[in-house]
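A note on names: the letters A, B, ... follow the listed sequences, proteins ahead of strands, and every chain is numbered from 1.
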There are 2 protein chains.
Amino acid sequence: MTSVEEPLHPGGKLRDAARTRAEILDVATQEFARAGYDGARVDEIAARTRTTKRMIYYYFGGKQQLFTAVLERAYGVIREAEQRLDVEHLDPVAAIRRLAELTLDHHEQHPDFIRLVSIENIHGAEHIAASEKLARIGSPALDVIRRILTAGQESGLFTADVDAVDLHAVISSFCFFRVANRHTFGALFGRDLADPGRREHYRTMLGDMVIAYLTAERADD
Amino acid sequence: MTSVEEPLHPGGKLRDAARTRAEILDVATQEFARAGYDGARVDEIAARTRTTKRMIYYYFGGKQQLFTAVLERAYGVIREAEQRLDVEHLDPVAAIRRLAELTLDHHEQHPDFIRLVSIENIHGAEHIAASEKLARIGSPALDVIRRILTAGQESGLFTADVDAVDLHAVISSFCFFRVANRHTFGALFGRDLADPGRREHYRTMLGDMVIAYLTAERADD
DNA sequence: ACGCTAATGTACGAACCAGTACGTTAGCTA
DNA sequence: TAGCTAACGTACTGGTTCGTACATTAGCGT
């Protein structure tokens with residue numbers, strides 16, 4: 001992410017802590033996403049940087065902390081995007097549909113983030129647990145969902161008494177699966193879920209489903 | 001899976017190719033699921049077996065082929081379970097709901113399989129691609145969905161014109177996410193999606209959602 | 001302009017780990 | 001029961017990989 005090829009020495013500076021640090025994070029993100037935590041090579045990260053391995057240890061301390069830093073930044077990017085969500089001016093139905101669509105688009109555009117989350121889960125979320133930063137940050141998207149849901153339920157538009165966290169899980173799960181399991185699903189069922197040509201199809205499908213669920217007539221009560 | 005502690009020498013035999021092979025697969029499944037492909041240690045697998053590392057290479061050829069064999073068996077178990085699906089005697093609505101519930105239960109009961117699939121996706125499904133066995137096997141669940149869907153659509157019960165593969169993806173995605181992302185989701189949102197105590201809740205929720213989608217009144221056409 | 005420190009580079013070590021060379025034996029078969 | 005082969009064990013190696021000791025310099029502050 002944000003891996004813009006900067007001029008070699010912005011401002012004529014040969015040494016720039018911030019730039020070096022950021023460059024390491026960029027390359028490390030790609031390498032960890034490419035090969036997993038244990039598959040990633042610190043030497044490889046260093047080689048693809050304009051600095052050396054020494055600097056990775058200088059700035060981050062070790063491979064574990066580097067991965068934690070990568071996760072922190074990746075989650076930061078997502079949270080930032082979520083804060084730019086602007087759907088609450090819409091009616092609840094349109095707002096939820098829009099949110100689902102934006103989530104789908106966002107996941108498709110950030111496959112590295114999806115991979116990092118998969119990897120972190122393989123390791124029991126131990127890096128998240130080790131990070132004060134990540135333990136603290138909430139989820140703006142969750143707040144948005146909470147407000148839309150309340151509005152929809154109070155107005156009687158939404159009949160389902162879902163909870164915001166669960167709805168978030170439902171929307172995320174499909175968007176996540178589509179990108180995370182793209183390869184096995186494609187190999188086994190011959191359909192590339194994450195093909196951009198199918199994006200519109202799945203945007204509609206996910207929106208339809210979530211709305212159908214939220215607005216369905218209740219069988220009882 | 002099926003890691004029953006057999007007597008040391010069934011039938012008094014000291015050497016038993018089938019048993020040794022199966023034991024290696026059992027332990028390898030756990031080890032790969034525990035640590036990922038690169039994190040898994042061949043020595044560790046050997047140590048937790050009643051045989052030695054030499055045998056792993058004797059029977060499987062190498063780490064890559066061992067992982068492929070582990071995947072093949074894991075998918076085999078799933079397919080076998082899918083073949084035991086018996087829901088087509090139900091009406092389409094009940095059949096789909098049942099299928100969703102069984103998928104949810106099954107995923108919860110096989111976290112190792114979920115982890116293996118996550119790991120295989122990190123590696124671009126290269127082991128599936130390398131396996132003739134896996135390239136050949138279809139999905140009984142998909143056939144079941146196809147038939148139920150056709151019945152439901154022809155009878156007019158199902159209004160959505162979903163395709164079986166997409167519906168399978170939708171159902172799988174939630175069941176998969178619930179187990180695969182249990183740790184990060186739990187750490188970030190404080191809710192353990194895969195807690196058995198919440199199983200009933202999510203069974204109902206998933207069923208409600210899929211049925212709501214399939215039976216919703218169409219806005220147009 | 002001078003010195004001090006943050007920033008950087010080089011070269012190396014020690015542990016680890018996949019894979020193998022070589023030797024041995026159980027147990028089926030004739 | 002003899003012998004043959006599939007099954008098994010030990011001990012080792014060569015390369016890899018995380019991490020660091022040591023040496024160096026850019027560039028800011030005064």
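- Heavy atoms of B/Y59 sit under 4.0 angstrom from primed sugar atoms or phosphate atoms, though from no base atom.
- If you check every strand for non-hydrogen atoms under 4.0 Å, B/A46 touches nothing.
- Using a 4.0 Å heavy-atom cutoff across all strands shown, B/A18 reaches no nucleic acid atom at all.
- Legend: residues meeting salt bridge (charged side-chain N to carboxylate O under 4.0 Å, His left out) with A/R198, ordered by chain and number and at least two apart, are absent.
- Across the protein-nucleic acid pair, B/R41 atom CZ and C/dG19 atom C1' stand 14 Å apart, rounded to whole Å.
- In this view, A/D195 satisfies the salt bridge (charged side-chain N to carboxylate O under 4.0 Å, His left out) rule with no residue, not counting sequence neighbours.
- Atoms CG (A/D43) and P (C/dA11) sit 14 Å apart, rounded to a whole Å.
- In this structure, A/R97 pairs ionically with A/D208, as a charged nitrogen and a carboxylate oxygen lie closer than 4.0 Å.
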Task: Under 4.0 Å protein heavy-atom contacts per nucleotide of nucleotides 1-6 of chain D, with B for base, S for backbone only and - for none - done: -----B
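- Straight-line distance from the CZ atom of B/F67 to the P atom of C/dA18: 14 Å, rounded to whole Å.
- A/E200 pairs by the side-chain contact (heavy atoms from CB on, under 4.5 Å) definition with A/R203, A/T204, not counting sequence neighbours.
- Every side-chain hydrogen bond (donor to acceptor under 3.5 Å, both in side chains) that B/R34 has, sequence neighbours left out, goes to B/E31.
- Residue contacts for B/T52: at a heavy-atom cut-off of 4.0 Å it reaches a base atom on one of the strands shown.
- Of the charged side-chain nitrogens involved, at least one lies within less than 4.0 Å of a carboxylate oxygen, so that A/R73 and A/D26 count as a salt-bridged pair.
- Rounded to a whole Å, the CD atom of B/E23 is 16 Å from the P atom of D/dA7.
- Rounded to 10 degrees, the angle between the two end axes of the helix from C/dA1-D/dT30 to C/dA30-D/dT1 is 20°, with five pairs used at each end.
- Listed by chain and residue number, A/R182 satisfy the side-chain hydrogen bond (donor to acceptor under 3.5 Å, both in side chains) test with A/D192 (two or more places apart in sequence, or in another chain).
- Nucleotide D/dC8 holds its P atom 12 Å from the CZ atom of B/R21, rounded to whole Å.
- Take A/H106 and apply the ring-ring contact (aromatic ring centres under 6.0 Å, His included) test, not counting sequence neighbours, and it matches A/H110.
- Counting only residues at least two apart or in different chains, ring-ring contact (aromatic ring centres under 6.0 Å, His included) contacts with residues 39-65 of chain A are absent.
- With sequence neighbours left out, B/D38 forms a salt bridge (charged side-chain N to carboxylate O under 4.0 Å, His left out) with no residue at all.
- Between the C1' atom of D/dT25 and the CG atom of A/D16 lies a distance of 16 Å, rounded to the nearest Å.
- Taking 4.0 angstrom as the limit, A/T20 places none of its side-chain polar atoms (N or O) nearer than this to OP1 or OP2 of C/dA7.
- Within the structure, every side-chain polar atom (N or O) of B/T51 is placed at least 4.0 Å from both OP1 and OP2 of D/dA7.
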I'd like a table of atom pairs between the protein and nucleotides 20-23 of chain D - only N or O on both sides, under 3.5 Å - with the distance next to each one.
none

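- The nearest whole Å value for the distance from the CD1 atom in A/I24 to the C1' atom in C/dG9 is 13 Å.
- Under 4.0 Å is where a charged nitrogen must lie from a carboxylate oxygen, and between A/R191 and B/D163 at least one such pair does.
- For A/H127, the ring-ring contact (aromatic ring centres under 6.0 Å, His included) partners are A/Y37, A/F67, not counting sequence neighbours.
- Per the geometry, CD belonging to A/Q65 stands 14 Å off P belonging to D/dC18, to the nearest Å.
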